[in-house]
Amino acid sequence: MRTPVGIIPAGVPRVSFDAGAHTSMDYRFSILSFSDVPGSIVYAEAMTSATYLDKADEIARHEEVFRRLVAASVQPEKSVSWLRETARGYDRG
């Protein structure tokens, strides 16, 4: 049985399963910046809702979470190695 794997674009943090739970496990967000608009906006998604955040303290909090995710993330080469090894395991089974 084959399982589809979603591809994460380069530059997006991939947190190792070994790292355990992290601040953004069940809460997705994007920090949006536009060249023609000053500042940033956070687009946040929860299980049943989504919202835009524009207060400086809210944006700063999400930027800190993003920095922590980057610090805990796996290097792209290790992500590719892990995916290949996992795929080989499915091919054997």
Side-chain angles (χ1 to χ4, degrees):
M1 177 173 144
R2 295 204 178 259
T3 303
V5 176
I7 303 301
I8 301 172
V12 175
R14 298 157 206 50
V15 177
S16 167
F17 292 118
D18 297 334
H22 59 79
T23 348
S24 190
M25 287 282 291
D26 60 351
Y27 178 80
R28 290 160 300 283
F29 67 92
S30 298
I31 301 171
L32 309 171
S33 298
F34 303 95
S35 60
D36 58 340
V37 178
S40 297
I41 295 173
V42 172
Y43 173 71
E45 294 179 342
M47 178 72 80
T48 59
S49 64
T51 189
Y52 290 94
L53 307 170
D54 59 359
K55 294 181 181 164
D57 62 324
E58 295 170 333
I59 295 168
R61 191 170 30 237
H62 285 79
E63 289 172 337
E64 177 58 28
V65 169
F66 185 76
R67 280 191 289 277
R68 289 179 186 193
L69 286 169
V70 170
S73 68
V74 177
Q75 297 299 316
E77 303 79 33
K78 289 183 181 179
S79 292
V80 170
S81 296
W82 179 82
L83 284 169
R84 284 188 177 133
E85 183 59 34
T86 301
R88 278 193 288 274
Y90 281 102
D91 287 342
R92 286 184 236 135

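When reading the values below, keep in mind they use all heavy atoms of this one structure, side chains included, and skip hydrogens, waters and symmetry mates.
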Within the 4.5 Å heavy-atom criterion, are Leu53 and Phe29 side-chain neighbours or not? no
Salt bridge between Glu64 and Arg61, side-chain N to carboxylate O under 4.0 Å? no
Quick one: closest heavy-atom pair of Ser33 and Ser40, and the distance? OG-OG, 2.8 Å
Would you name the heavy atoms of His62 and Glu58 that are closest together and state the gap between them? ND1-O, 2.8 Å
When the ring planes of Tyr43 and Tyr52 are compared, do they come out parallel, tilted or perpendicular, using 30° and 60° as the limits? tilted
Compare every heavy atom of Ile31 with every heavy atom of Val42, then report the nearest pair and how far apart it is. CG2-CG1, 4.2 Å
Does one hydrophobic cluster hold both Val65 and Ile41, with members joined at side-chain heavy-atom distances below 4.5 Å? no
Can you name the nearest heavy-atom pair linking Arg28 to Ala46, along with the distance? NH2-O, 3.9 Å
